[in-house]
Amino acid sequence: MKTKIINYPDLVAARNREVHDTVFLDAKTNHFTEMELIAKDKNYYIHTYGCQANIRDEETMRGMLESVGYRKVDDPSIADVIIINTCAVRENAEDKVYGEIGNLKKYRKSNKKLVLGICGCMVEQPEILQILQDKFSEVNLYFGTHEIDQLLDLIYEVYTNDYRLISIKSKQGEVIEKLPASRNNEFKAYVNIIYGCNKFCTYCIVPYTRGKERSRKFSDIMDEVRELKKANYQEITFLGQNVNAYGKDLDEGFDFADVLEEAAKMGIPRIRFTTSHPWDFSSKMIEIIAKYDNIMKCIHLPVQSGSNEVLRLMGRRYTREHYLNLVKEMRRKIPGLSLSTDIIVGFPNETEEQFKETLSLVDEVKYESAFTFIYSPRRGTPAAKITDNVSYSDKSRRFKELVKHLEVNIEKDSNSYIGNTYKVLVDGVSKTDSSMLSGYTESNKLVHFKGDINLVGKIVKVKINESHTYSLLGELVNE
Ligand code: SAH
Ligand code: SF4
Ligand code: F3S
């Protein structure tokens, strides 16, 4: 099979941040009618890896596929379109994708017209894209994070021609509106407010795979929130690699605090947001979070390390002292605040003392939850060029030690729920015990309890009787 290249990714171009004018466009499919004929009685299968940005992209792709008639299936063997939406943030995320494509490629034999597409952050890296091409001749479509809106036209081209198509442009990015969405959940929704990232932390691939920071227009965000409110959504989560940077690239005069406040006034019962970077978290944002009951008192504030030297080498743009002061201000102004974080252990040449500074920071902040990672070099990032003198076994020991430190406080926090009653948004039947329901408190604690399936999607009161490190056990309280 020949390969047609529309655009090939380029990490140097992906670094470019010179142009500040974002282009705003409405989505458009050229071959919509033809695709309705092609999709008739056909199925699609999508598997997504990675963060909420990818999950939200999947919802857009599903919306597009379903708009022409494709039906979603969970079994790839009966799919006519298979899409693997990949993540590149750490090596283990990429390894899983190689394994999955290896399993799926056999379906090309039984269905010559199969569209087997790989998209997401992995294919934005030229060297990885080359490995995929060399390994998997069965894949006939590669498209990037900036081509999601063109999905139907790309499928049309692959379907009606006998070549493999690569369309991955390393551009700074546009904002595309009026895209359909088939949401994963009928009462909880993600709402993008800002795409891309300009921070360029030295270990991170995301700014290369997702383009420059570009905010959606305030009115477009609010239109989406209004629609969700009308459809009776109970919870929305504002998304961005760095939500606090919202509005800086526009001259509309709105910032992230304004987004929160306007949405809070619309009366959606629960408003969350992720991720906030400690560098541009303003006092105004803290005050708005404190002011409205329907803005959840949960802040995900990635610290990455407790050592000033490591933070400097990571390019994080704040010090340990700045971070701790911010936490102090948040805890003072937002009663009942639940703080979570991301931490990387084993950054190149991290010393035992520097690691201990991370432990002491964790003990001081007392996080209610945390995501911990062992540093994974990402080709093309500055940190990947540093010669590292820390062995993997040291990194893995530090990782375990860090988790132990975090769990002391997480357990203490979970214990403090016992005997009290909390509002829980019921998610569904518990994954571990089908006789139980599960849901989340306002502070984002997972709760299991007995109840009727009709309660799914509702906010109920649950009294907590028992606590485990990562979940709580309770009983329904009748009003
Ligand atoms: N934009 C978000 C996070 C995006 S990636 C933020 O800045 O908070 C999610 C997390 O993955 C990061 O917070 C970091 O802890 C981790 N991460 C990113 N690159 C990594 C790498 N090369 N190795 C290990 N962990 C990494
Ligand atoms: Fe990556 Fe840093 Fe941007 Fe987060 S802020 S996505 S860690 S570069
Ligand atoms: Fe992964 Fe891309 Fe998200 S690298 S974490 S899917 S932005």
Exercise. Hey, mind stepping through Phe273 and Phe256 against ring-ring contact (aromatic ring centres under 6.0 Å, His included) and telling me if it holds?
Worked result: CA-CA 10 Å; Phe273 54 90; Phe256 178 53; 5.3 Å; yes
Problem set entry | Candidate pair Asp427 and Lys188, rule salt bridge (Lys or Arg N to Asp or Glu O under 4.0 Å), full reasoning | CA-CA 9 Å; Asp427 246 10; Lys188 295 201 312 194; 3.0 Å; yes
For this session: Please assess Glu177 against Lys217 for the test salt bridge (Lys or Arg N to Asp or Glu O under 4.0 Å), listing each intermediate value before the final yes or no.
Result: CA-CA 10 Å; Glu177 295 293 345; Lys217 287 186 182 156; over 6 Å; no
For this session: Evaluate the salt bridge (Lys or Arg N to Asp or Glu O under 4.0 Å) criterion for residues Glu227 and Lys230: first the C-alpha distance (whole Å), next the side-chain angles of each, then the deciding distance (0.1 Å), finally the verdict.
Result: CA-CA 5 Å; Glu227 288 285 308; Lys230 234 196 286 168; 3.7 Å; yes
Exercise. Is there a salt bridge (Lys or Arg N to Asp or Glu O under 4.0 Å) between Asp413 and Lys366 once you walk through the steps?
Worked result: CA-CA 9 Å; Asp413 176 60; Lys366 301 191 169 55; over 6 Å; no
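In this structure, Glu124 contributes its side chain and Cys121 its backbone to no donor-acceptor pair below 3.5 Å. Without hydrogens or angle criteria, Ser276 side chain to His300 main chain gives a donor-acceptor distance under 3.5 Å. Proximity of a side-chain donor or acceptor of Asn294 to a complementary backbone N or O of Ile268 within less than 3.5 Å is detected. Remark: the backbone N or O of Ile289 is paired with a side-chain donor or acceptor of Lys297 at under 3.5 angstrom. A donor-acceptor pair is defined here as one N or O able to donate and one able to accept, closer than 3.5 Å; no such pair exists between the side chain of Thr29 and the backbone of His31. Of the possible polar contacts, none joining the Asn30 side chain to the Asp153 backbone as a donor-acceptor pair under 3.5 Å is found. Panel note: side chain Thr86, backbone Cys119; a donor-acceptor pair is recorded below 3.5 Å.
Relative to the six-membered ring of Tyr292, Lys265 misses at least one condition, a distance below 6.0 Å or an angle of at most 45° to the axis. Geometrically, Arg90 engages Phe373 in a cation-pi contact defined by less than 6.0 Å to the ring centre and at most 45° from the axis. At least one cation-pi condition fails for Lys72 and Tyr44: the charged atom is not both under 6.0 angstrom from the six-membered ring centre and inside a 45 degree cone around its axis.
Counted by atom type alone, Ser182 and Glu66 present one or more donor-acceptor pairs between their side chains at under 3.5 Å. Using a 3.5 Å distance cut-off with no hydrogens or angles, the side chains of Lys248 and Ser215 do not pair a donor with an acceptor. For the residue pair Gln125 and Glu94, a side-chain donor N or O sits within less than 3.5 Å of a side-chain acceptor on the partner. A donor-acceptor pair shorter than 3.5 Å cannot be found between the side chains of Asn325 and Arg320. Counted by atom type alone, Asp10 and Ser170 present zero donor-acceptor pairs between their side chains at under 3.5 Å. A donor and an acceptor atom, one from each side chain of Arg214 and Thr22, are nowhere located under 3.5 Å apart.
Among residues at least two apart or in separate chains, ring-ring contact (aromatic ring centres under 6.0 Å, His included) pairs with a member in residues 209-240 are Phe218-Phe254.
Here Leu114 pairs with Ile82, Tyr107, Arg108, Asn111, Leu116 under the side-chain contact (heavy atoms from CB on, under 4.5 Å) rule; sequence neighbours left out. Residues satisfying the side-chain contact (heavy atoms from CB on, under 4.5 Å) test with Thr60, not counting sequence neighbours, are Arg56, Met64, Ile148, Leu179. Remark: Lys431 engages no residue in a side-chain contact (heavy atoms from CB on, under 4.5 Å) (not counting sequence neighbours). Residues satisfying the side-chain hydrogen bond (donor to acceptor under 3.5 Å, both in side chains) criterion with Asn185, sequence neighbours excluded, are absent altogether. Thr341 is linked by a side-chain hydrogen bond (donor to acceptor under 3.5 Å, both in side chains) to nothing, counting only residues two or more places apart in sequence or in another chain. Remark: His47 engages Tyr49 in a ring-ring contact (aromatic ring centres under 6.0 Å, His included) (not counting sequence neighbours). Applying the salt bridge (Lys or Arg N to Asp or Glu O under 4.0 Å) criterion to Arg15, with sequence neighbours excluded, gives no partner residue. In this view, Arg316 and Tyr203, Tyr318 satisfy the side-chain hydrogen bond (donor to acceptor under 3.5 Å, both in side chains) rule, not counting sequence neighbours. Lys4 meets the side-chain hydrogen bond (donor to acceptor under 3.5 Å, both in side chains) test with Glu157; sequence neighbours excluded. Every residue two or more places apart in sequence or in another chain that forms a side-chain contact (heavy atoms from CB on, under 4.5 Å) with Pro126 is listed here: Tyr8, Pro9, Leu11.
In Lys423, the NZ atom is not crowded: 12 or fewer heavy atoms of neighbouring residues, nucleotides or ligands sit closer than 6.0 Å. Heavy-atom neighbours of Lys113 NZ from other residues, nucleotides or ligands within 6.0 Å: above the threshold of 12. Summarising the local packing, CD of Glu186 is surrounded by 12 or fewer heavy atoms from other residues, nucleotides or ligands at distances under 6.0 Å. Remark: Glu287 CD is packed, more than 12 non-hydrogen atoms of other residues, nucleotides or ligands lying under 6.0 Å away. By the 6.0 Å contact criterion, CG on Asp452 is enclosed, its count of non-hydrogen atoms from other residues, nucleotides or ligands being greater than 12. Heavy-atom contacts from other residues, nucleotides or ligands closer than 6.0 Å to NZ of Lys199 number more than 12.
Using a 4.0 Å cut-off between a side-chain N of Lys or Arg and a carboxylate O of Asp or Glu, Glu368 and Arg331 qualify as a salt bridge. Arg183 and Glu224 are joined by a salt bridge, as a carboxylate oxygen and a charged side-chain nitrogen come within less than 4.0 angstrom of each other. Here Glu329 pairs with Lys333 in a salt bridge; the nearest charged N to carboxylate O distance falls below 4.0 Å.
When every heavy atom of Thr275 is checked against every heavy atom of Asn244, the shortest pair comes out as O-OD1, 4.0 Å. For the pair Ala384 and Pro377, the tightest heavy-atom approach, listed with the atom from each and the gap, is CB-CB, 4.3 Å. Listed here is the closest heavy atom pair of Gln304 and Ile343: O-CG2, 3.6 Å.
We find the OG-CZ distance between Ser430 and Phe449 to be 10.0 Å, quoted to the nearest 0.5 Å.
Paired with Arg272 under the rule side chain to side chain contact (heavy atoms under 4.5 Å, CB included), one option of Asn444, Ile295, Leu239, Ile299 passes, and it is Asn444.
With contacts defined as side-chain heavy-atom distances shorter than 4.5 Å, the pair Thr381/Phe200 does not qualify.
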Between side-chain atoms of residues 191-198 and protein atoms elsewhere (two or more places apart, or another chain), which donor-acceptor pairs fall under 3.5 Å?
| residue | atom | partner | partner atom | Å |
| --- | --- | --- | --- | --- |
| Asn198 | OD1 | Arg17 | NE | 2.8 |
| Asn198 | OD1 | Glu213 | N | 2.9 |

